[in-house]
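Take a look at the structure below.
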Amino acid sequence: MRRFLFMRLATALPTLLGMSFIAFAIVSLAPGDPVMQELRAMGVVPKPEDILAIRAQYGLDKPFFSRYFDWLIRALQFDFGQSIASGRSVIDEILIHLPATLALALSSLIGAIGFSLALGLAAVSAGRATGAALRGLTILLVSVPSFWLALLLIYVFVFQLGWGRLVGDGSIGDLILPTLTLSLGAGASLGRVVYERVRAEMCEDHIRLAIAKGLAPPVILFRHIVPRVIGPLATTWANTFGALLGGAVIVESIFGWPGLGQLILQAISQRDFPVIQAYLVFMGLGFFITSLLADFIVILSDPQLRREVSNG
Amino acid sequence: MLRLSVAARLGVAAMLAMPIVAPAALAETSLTVAVSRDRYSIDEQKFTFTTRRPAAQIVETAVMPDENFLPQPLLFQSWDYTDGIYTVSLREGVTFSDGSAFNADTAIAALRLYDQGKSDFLQIDPESLQKLGEYQISFRSETGSALVIENMTHRGTSFFAVTENRAENPVGTGPYLLDSYDPKQQITVTRNPNYWGEAPSIDRLTFRFIADDNARMLALQNGEIDVIGEVTPQMLLSMPQDGSVVLHESRPIRYVALFANLNGVAPFDIIQDYKVREALAWAIDRETIASVLFAGRGVPAKGILPGWMFDLGEDHTDGFGYDTAKTGALLDEAGWTLGADGIREKDGRKLSLRLVAAYPNVSSVKPMPEMLEQMFAAVGIDIDLVEVDDSGVYGSTYLDTGEADLYMEFASNNNTDPTYLLNNLFTSTTPWGGYKFTAPGPHVDTLLADARTAQTREEVIAKVRAAHRAIVQDDLAAIPILMVPNFTLSRPGVVVPMSEYADWISYGHTTIAK
């Protein structure tokens, strides 16, 4: 297992390095001068030497590769510099907003898993009419953009029923509507995977044998089907978690949820490049860690793979 | 006897009612204002940037703009400018919120802080700062400018007490004290009980940062916020008409104009011909545009500075009406004749112009670019419309390179220095690079340079008036379209004391109907 972990980390290094380069390059080569943008927005007329000093402060006076290697060395020590817009260190900015995003992504993932299992299993055992209705619901939820779903939920739960508020302060209660928005969309996609996996598994010989032996459906499901589908599902859950971490920007913005989505939206509009670069790296790391976790779950859930990894 | 009995009964009733009435009378008044983003910087080097909207309640400037954008006393009681030296009498009896006195020593210390920042636009010579008495100081401008006091109306020049962490915990003389700050979420200020001036009517002010336009509007309708401080044109278009949202407006101050590329190279050199620019100016139906955008509150513009500002007056520019026949005649005169496809041409070249709608973003002026495209098409001018929602892309891709004929901008002069806007946008020596393309030439450079070194305000205004007329009339470096008020939205019963200058809206003096 240790060897597997080592190999996995070793193969990840070039990927992470490439990702860091792309993150740096995208932001550095994007049009727009953050210094001039900020100065004009603030109505400040600097002297040319002031502009040069500000550029030097952010290292913008150096050649591209020199800036990249300086940044990379600092990034390896988790020093991503200082936010141009807020003046805080980028790590502080990330740490201020990361817990809210993690809470939203995690609660949405839990909601999505629950919803997808209910939807997928109901579709498997449903009759023709109910099955068609469930498939229709799935297609609808997958197709509806998250911002539209968010506005619909706001209309129903905030304006019509008065059960929630729109502009929260980051408390648990304020998490419900954004979680519901993200869970429904992600859960519908995952529900299709659950449906297909369970259906495929039900066609296997050992399941037919179990049915022939007269085992109760819950026994067949939990003892024979779940262990076989949990690995592939875990991979999907991990990918979904990564997507939720980075994909909640619009939902966070609509509900005023103080997560990384809010941070990155402002950073992009203000050309706060140290924050954007760090955000991209963190998102990449997030995907890497979640896919690593998924690999472990797959190995742990599959005895054959577990044996292979243990034997090196 | 009967009267006495009635009086006694009323007295008893009043005493019984006291517990009910008293808490209401003593109840804290609070106001929640939604703004689009958190502009608060804790960078020591940029401490002048921490003085906008939210923190502007905590610190104060030396002077404040009056209704004509002329400086009026605030922390400076009076001032005199003679022979290049400013002599200032400070307001007495003012203390910073940490209890230290505002006097010549602390005022000089606060002024010296500017020199440590990277953007010293006051341009005070720090060596010249002198204490003349306990409440009197003097200083000199580094550049011999007579406009230092005018520049001090900018919120960025607020006076801070020199403390260890002034950026994170600013100590000022203002009507409010910092209560809490949650980055990207909200900032709350509470009333300063020891404020020297007129006490604000609101005890607690909370500024919520809500980026999404829809969310701001819905939160207002749901009663979660009281005021929307930053209103986009889209919000005006979707504003409910059932009375649940109230629109407050200032006098028109923001301009929408087409800046002309006067110094571009081919193919962006067509409008170097004044006749073409004038033809464009006459082809715009400003009344129709005004009726469609900004809830119909915009007015056809004759310039980019409103007449009331700096006492410029309404008559120094003539403006342009809507006269397509005149446009046709001007284009004919310039040699641009109608082609078979309805587009004018000259020497085999089509009259095709690139119009970039981008500053601050195209969403701010939608659907004006499309309306202009149709108006120009009607007179045989083909428009290559480029819509950009990002001012960074606009700057580096189109403005700095001069790769467009016309630039649509929606902005305002947000400074009481009368030369500020014109000098930055229409001189060849502009510190904002790309605007060298919209500079009419040496005559405007000279007018504005003279204005910046003029030694009396009257002289400054006369030069600015001449430069403004040159820019929007005689040279048509900017084709004025609309003048638009500054807006806020509130729930019913809330009256916001509007100002043309968003940083000077005194939310603390908002009145709320019981």
Side-chain angles (χ1 to χ4, degrees), chain A residues 30-51 53-54 57 82-88 92-93 96-97 100 147 150-151 154-155 158-159 162 164-170 250 252-259 261-263 265-266 268-271, chain B residues 32 34 37-50 52 117-121 123 154 156 167-168 182-186 208-212 214-216 218-219 221-222 224-225 359-361 390-397 400 411 413-415 417 420 423-424 431-433 503:
Chain A
D33 182 334
V35 173
M36 293 309 291
Q37 222 170 306
E38 183 76 2
L39 291 174
R40 182 170 180 189
M42 290 296 173
V44 172
V45 185
K47 289 177 273 186
E49 56 267 33
D50 293 336
I51 296 170
I54 296 172
Q57 185 188 338
Q82 193 186 43
S83 160
I84 292 175
S86 75
R88 273 181 291 276
D92 283 350
E93 285 282 9
I96 287 171
H97 297 91
F147 74 87
L151 293 175
I154 286 169
Y155 177 74
V158 177
F159 282 92
R165 58 182 179 176
L166 188 63
V167 184
D169 55 8
I250 302 297
E252 279 190 12
S253 174
I254 291 175
F255 289 100
W257 185 252
Q262 297 262 43
L263 177 70
L265 273 185
Q266 277 202 21
I268 291 169
S269 71
Q270 293 170 301
R271 288 293 187 284
Chain B
T32 303
R37 66 186 168 101
D38 179 358
R39 294 181 173 83
Y40 200 64
S41 172
I42 61 161
D43 184 349
E44 292 279 314
Q45 291 292 328
K46 293 200 294 184
F47 73 94
T48 52
F49 293 168
T50 66
R52 300 202 64 176
K118 291 278 194 300
S119 298
D120 170 25
F121 76 103
Q123 299 186 326
H154 195 289
E168 283 191 80
D182 300 314
K184 306 282 186 295
Q185 268 193 279
Q186 64 179 38
R208 292 296 312 249
F209 308 121
I210 307 174
D212 189 83
N214 285 323
R216 283 205 298 283
L218 291 171
Q221 288 178 267
N222 201 39
E224 295 177 45
I225 57 170
Y359 192 84
N361 49 58
D390 184 298
S391 56
V393 174
Y394 167 57
S396 51
T397 310
D400 295 350
N413 177 50
N414 60 359
N415 198 297
D417 171 355
Y420 172 80
N423 185 61
N424 288 325
W432 297 340
D503 282 357

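Here is how names work: the chains are called A, B, and so on, in the same order as the sequence lines, proteins then strands, and each is numbered from 1. Note: hydrogens, waters and symmetry copies are ignored here, and every other heavy atom, side chains too, is used.
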**Complete:** Smallest heavy-atom separation, B:A219 atom then A:L166 atom, equals N-CD2, 3.2 Å
**Asked** At a heavy-atom separation under 4.5 Å, does A:I96 approach chain B through its side chain, its backbone, both, or neither?
**Response** side chain
**Request:** Take atom CZ of A:F159 as the centre, draw a 6.0 Å sphere, and report whether it contains more than 12 heavy atoms from other residues, nucleotides or ligands.
**Result:** yes
**Message:** Please report the interatomic distance CD(A:Q262) to CD1(B:I210), rounded to the nearest 0.5 Å.
**Reply:** 9.0 Å
**Residues that B:N214 engages under side-chain hydrogen bond (donor to acceptor under 3.5 Å, both in side chains), provided they are two or more places apart** = none
**Prompt:** Between B:Q186 and chain A, which part of the residue has a heavy atom less than 4.5 Å away: side chain, backbone, both or neither?
**Reply:** neither
**Request:** Ignoring hydrogens and angles, tell me if any N or O in the side chain of A:Q266 forms a donor-acceptor pair with the backbone of B:R37 under 3.5 Å.
**Result:** no
**Message:** So which atom in B:E224 and which in A:V158 form the shortest heavy-atom distance, rounded to 0.1 Å?
**Reply:** OE2-CG1, 4.2 Å
**Asked** Who passes side-chain contact (heavy atoms from CB on, under 4.5 Å) against B:P360, sequence neighbours left out?
**Response** B:S364, B:F410
**Fill in**
Okay, A:L151 and chain B: the region with an atom under 4.5 Å from a heavy atom over there is side chain
**Item:** Contacting region of B:D38 [heavy-atom separation from chain A under 4.5 Å]
**Value:** both
**Fill in**
On a heavy-atom basis, the closest approach of B:P183 and A:R88 is CB-NH2, 3.3 Å
**Prompt:** Does B:K184 reach the side chain of A:E93, with side-chain heavy atoms less than 4.5 Å apart?
**Reply:** yes
**Prompt:** Non-hydrogen atoms of chain A under 4.5 Å away: do they reach the side chain of B:L218, the backbone, both or neither?
**Reply:** both
